[in-house]
Amino acid sequence: MSGTAPEAGRPGASILPYSRVVGQDDLKLALELNHVAPGIGGVLMAGQRGTAKSTLVRAFALMAHGELPVTLPINATDDRVVGGWRLDALMRGETLEQPGLLEEAHDKGILYVDEVNLLDDHVVNIILDVVSTGQLSVQREGLAAARQLDFGLVGTMNPEEGGLRPQLLDRFGLMVTAADLDTDARHRMIRTVLAFEEARARDTSEWLTDAERDNAAVRDRLRAARERFAQVDVPDPVLRLCAEAAGRLDAVGQRGEIVATHAARALAALEGAERVEPRHLLRVLPPALRHRRPEAAHGGTFDWGPDDHARIKDLFDAG
């Protein structure tokens with residue numbers, strides 16, 4: 001992956017600094033957990049248009065990797081995704097390989113798929129296979145290659161424009177929904193955007209300098225958590241608690257429990273804790289399981305409300 005240059009705070013940067021994005025705490029946490037523990041397998045963000053999903057992904061990529069994410073176009077072909085031959089070279093009778101977007105994502109840190117629910121299922125399958133295995137294997141038309149790839153996957157979707165098949169939903173590690181901002185948050189958001197635009201227009205900006213200082217603090221916290229992740233203990237009672245909670249919530253399959261365990265461990269690492277506690281697990285259960293319940297698989301909503309917490313409350317009260 002690339003380095004982590006502080007691009008977001010540079011005067012003239014066009015993306016709101018990550019540390020200044022107002023609200024959307026669940027989306028931020030999911031991005032950070034997936035960064036600390038890539039084995040989570042990617043983040044799917046659901047929400048209506050204009051809820052800062054794209055801004056947040058780009059701001060996170062700039063903060064964490066010093067690069068904007070590689071963005072997958074909606075009409076991407078197999079060649080564009082996994083690589084192929086350069087057409088201009090072929091027309092000259094030469095054979096030169098053209099790296100695909102997945103390899104570019106390896107170099108830049110994040111692959112961003114906007115409106116993933118409108119993408120061809122075959123392409124989504126290819127991407128999710130590479131994310132889960134870390135291997136890109138291409139065997140076709142005189143091209144044979146196998147590469148180890150490591151990048152974060154983030155997809156966004158507006159449920160009003162169609163859903164994803166349950167098999168694809170399940171392949172995304174975490175799913176989060178964009179929250180509606182209340183009046184106070186909307187007020188802070190407007191004020192922040194105006195301050196950002198004014199800061200960008202100046203040659204030097206204390207506002208941008210402060211934002212980059214805060215971005216650097218987040219980046220350092222993420223780096224430390226990645227280094228600490230494997231040393232965080234996951235006690236067996238927490239694993240048992242995870243299995244019992246998944247059963248009560250009717251989670252389909254067992255991928256959700258694995259993801260929840262990785263996410264709880266990443267959260268503990270972010271907090272500097274030595275071991276995973278029940279409260280870490282409770283915090284990550286909604287994004288790990290909300291899209292793996294029967295109602296989600298049959299086109300229902302991805303809501304997670306008081307009734308869901310009530311079904312597992314006594315498990316965590318006892319812990």
Closest non-hydrogen atom pair, Val123 against Val81: CG1-CG2, 3.8 Å
Leu62 side, atom CG; Arg219 side, atom CZ - distance, nearest 0.5 Å: 10.0 Å
Are any non-hydrogen side-chain atoms of Val176 and Gln24 less than 4.5 angstrom apart? no
Rounding to 0.5 Å, atoms CD1 (Ile190) and CZ (Arg188) come to a distance of 11.5 Å
Verify salt bridge (charged side-chain N to carboxylate O under 4.0 Å, His left out) between Glu103 and Lys108, making sure each step is shown before the conclusion. CA-CA 9 Å; Glu103 289 179 78; Lys108 294 191 174 184; over 6 Å; no
Ile74 and Met157: same hydrophobic cluster, using ILVMFWY side-chain contacts below 4.5 Å? yes
Can you find a pair of side-chain heavy atoms, one from His106 and one from Gln148, that are under 4.5 Å apart? no
Got a second to check how far Leu208's CG is from Glu212's CD, nearest 0.5 Å? 9.5 Å
Should Leu128 and Leu149 be regarded as members of a common hydrophobic cluster, given that ILVMFWY residues are connected when their side-chain heavy atoms come within less than 4.5 Å of each other, either directly or indirectly? yes
Glu161 side chain reached by Leu118 side chain, heavy atoms, under 4.5 Å: yes
Side-chain cluster (under 4.5 Å, hydrophobic types only) that Ile258 belongs to, other residues: none
Any Arg226 side-chain heavy atom under 4.5 Å of Pro38 side chain: yes
If you count the non-hydrogen atoms of other residues, nucleotides and ligands that lie under 6.0 Å from CZ in Arg213, is the total more than 12? yes
If you look only at pairs with a residue in residues 257-285, which of them pass as a ring pair (Phe, Tyr, Trp, His ring centres under 6.0 Å), with sequence neighbours excluded? none
Can you say whether the rings of His309 and Trp304 are parallel (under 30°), tilted (30 to 60°) or perpendicular (over 60°)? perpendicular
Using a 6.0 Å cut-off, check whether atom CZ of Arg311 has over 12 heavy atoms from anything other than its own residue. yes
Donor-acceptor contact present, side-chain His65 to main-chain Asp107, <3.5 Å: no
Once rounded to the nearest 0.5 Å, what's the spacing between atom CD of Glu274 and atom CG of Asp233? 9.5 Å
Reported CG-to-CG distance for the pair Leu33 and Leu270, which is rounded to 0.5 angstrom: 6.0 Å
Is any NZ, NE, NH1 or NH2 atom of the basic residue among Glu104 and Arg80 found under 4.0 Å from an Asp or Glu carboxylate oxygen of the other? yes
Would the number of heavy atoms belonging to other residues, nucleotides or ligands and lying under 6.0 Å from CD of Gln48 be above 12? no
Start with the C-alpha gap between Arg171 and Asp129, add the side-chain angles, then the distance that decides, and say whether salt bridge (charged side-chain N to carboxylate O under 4.0 Å, His left out) holds. CA-CA 9 Å; Arg171 300 287 296 280; Asp129 273 340; 2.7 Å; yes
Distance-minimising heavy-atom pair for Thr156 and Asn117: O-OD1, 4.1 Å
Salt-bridged, Asp214 to Arg20, with N to O below 4.0 Å? yes
Are Phe60 and His35 an aromatic pair by the rule of ring centers under 6.0 Å? yes
Between Phe196 and Leu181, is there shared hydrophobic-cluster membership here, with clusters defined by ILVMFWY side-chain heavy atoms closer than 4.5 Å? no
Any Asp78 side-chain heavy atom under 4.5 Å of His122 side chain: yes
Would you say that Val154 contacts Pro69 through its side chain, given a criterion of any heavy-atom pair below 4.5 Å between the two side chains? no
Carboxylate-amine/guanidinium contact Asp308 Arg293, below 4.0 Å: yes
If you measure from CE on Met63 to CG on Leu31, what distance do you get to the nearest 0.5 Å? 8.5 Å
Just checking, Arg265 and Phe229: is the charged tip under 6.0 Å from the six-membered ring centre and within 45° of the axis? yes
Any chance you could lay out the salt bridge (charged side-chain N to carboxylate O under 4.0 Å, His left out) test for Asp114 and Lys53, step after step, and finish with the verdict? CA-CA 9 Å; Asp114 192 18; Lys53 301 186 299 296; over 6 Å; no
Do Leu153 and Val43 have side-chain heavy atoms sitting under 4.5 Å apart? no
With Arg240 via side-chain contact (heavy atoms from CB on, under 4.5 Å) - residues at least two apart: Glu244
Is it possible for you to say whether Val22 and Trp207 belong to one hydrophobic cluster, with membership spreading through side-chain heavy-atom contacts below 4.5 Å? no
Using the rule that two of Ile, Leu, Val, Met, Phe, Trp, Tyr join whenever any of their side-chain heavy atoms come within less than 4.5 Å, decide whether Leu239 and Ile312 are in one cluster. yes
